[in-house]
Each structure stands twice: as structure tokens, then as C-alpha cells.
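A short worksheet on the structure shown next.
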Amino acid sequence: MKLTKMDCTLNEKDTLLDMLDAEKHLMTLYTTALFEGSTKSVRKSISANLMGVAENQYNLYTQLSSRGYVTPAPAKKDMIDQATDSYKKQKKTLKAN
């Protein structure tokens with residue numbers, strides 16, 4: 001089967017989602033690089049880039065949301081309580097060590 005240009009074209013939603021995924025991947029890479037940075041100047045530069053990527057990611061999410069492509073689910077109280085309990089337990093474990 002031969003693909004046409006139409007078969008390979010992303011629509012607006014898919015393009016924005018692809019861009020958002022790329023920014024999320026960059027966040028992961030910059031975060032790892034920040035942890036491994038060996039000098040203050042390198043870490044400062046990486047940190048600035050990380051914040052720029054975070055801003056891009058937020059802007060893309062805002063675009064997706066304003067167009068109705070994504071809708072965040074409201075957090076349920078039991079899920080919030082469960083996460084809070086989990087973090088409290090982890091905090092106690094860290095203090096014990």
C-alpha cells in the first residue's frame with residue numbers, strides 16, 4: 001500500500017500532543033543533566049534551559065486545553081489522602097535514616 005501525503009499529515013491535536021511529548025522528554029533529559037552537572041556554571045545553564053522547557057510545556061498544555069483537546073480530571077479526595085499518607089510515610093523513613 002502506498003501512503004499519500006494526506007496519510008502522513010498530523011492534525012492540530014496530534015501535532016500539539018507530539019510537541020508536548022517532546023518537551024516532556026526534554027524535561028527528563030535536562031533534569032538528569034542537572035543532577036549530574038559538575039560545576040555551578042554548568043548547573044546554572046542547565047537549570048535555565050530546564051525552566052525554559054517547563055514554560056514551553058505549560059504553554060503547549062494551555063493550547064491543548066483551550067482547544068478542548070485535553071481536560072484534566074478533578075482530583076478525588078481519597079486519591080489526595082492516599083498520596084499524602086504515602087509521602088508522610090516516606091518522610092518518616094527518610095528522617096529515620
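Side chains included, hydrogens not; waters and symmetry mates left out as well; all remaining heavy atoms used.
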Side chains of Ser66 and Tyr61 in contact at under 4.5 Å (non-hydrogen atoms): no
Measuring from atom CD of Glu23 to atom CG of Asp18, what distance do you get when rounded to the nearest 0.5 angstrom? 10.5 Å
With side-chain contact (heavy atoms from CB on, under 4.5 Å) as the criterion, how do Asn11 and Asp14 come out once you've worked through the C-alpha distance, each side chain's angles and the decisive distance to 0.1 Å? CA-CA 5 Å; Asn11 59 31; Asp14 291 337; 3.2 Å; yes
Salt bridge between Asp81 and Lys77, side-chain N to carboxylate O under 4.0 Å? yes
Does a side-chain heavy-atom distance below 4.5 Å link Lys44 with Thr39? no
Kindly say whether Gln82 contributes a backbone atom to a donor-acceptor pair with the side chain of Ser86 at under 3.5 angstrom? no
I would like to know whether Tyr30 and Leu34 meet side-chain contact (heavy atoms from CB on, under 4.5 Å); could you show each step before the answer? CA-CA 6 Å; Tyr30 276 124; Leu34 183 61; over 6 Å; no
Side chains of Tyr69 and Glu12, donor plus acceptor under 3.5 Å: yes
So do His25 and Leu29 actually touch side chain to side chain, heavy atoms under 4.5 Å? yes
Would you please test Leu16 and Arg67 for side-chain contact (heavy atoms from CB on, under 4.5 Å) and show each step? CA-CA 11 Å; Leu16 288 170; Arg67 289 170 167 78; 4.0 Å; yes
Near Met19 CE, under 6.0 Å, is it more than 12 heavy atoms from other residues, nucleotides or ligands? no
Reported CG-to-CG distance for the pair Leu17 and Leu64, which is rounded to 0.5 angstrom: 5.0 Å
ILVMFWY network linking Leu20 to Met27, side-chain heavy atoms under 4.5 angstrom: no
If we ignore hydrogens and angles and just use 3.5 Å, is the side chain of Ser45 paired with the main-chain N or O of Val42 as donor and acceptor? no
Separation of Gln57 CD from Asn59 CG (nearest 0.5 Å): 10.5 Å
Inter-residue atom distance Leu60.CG - Glu55.CD, 0.5 Å rounding: 10.5 Å
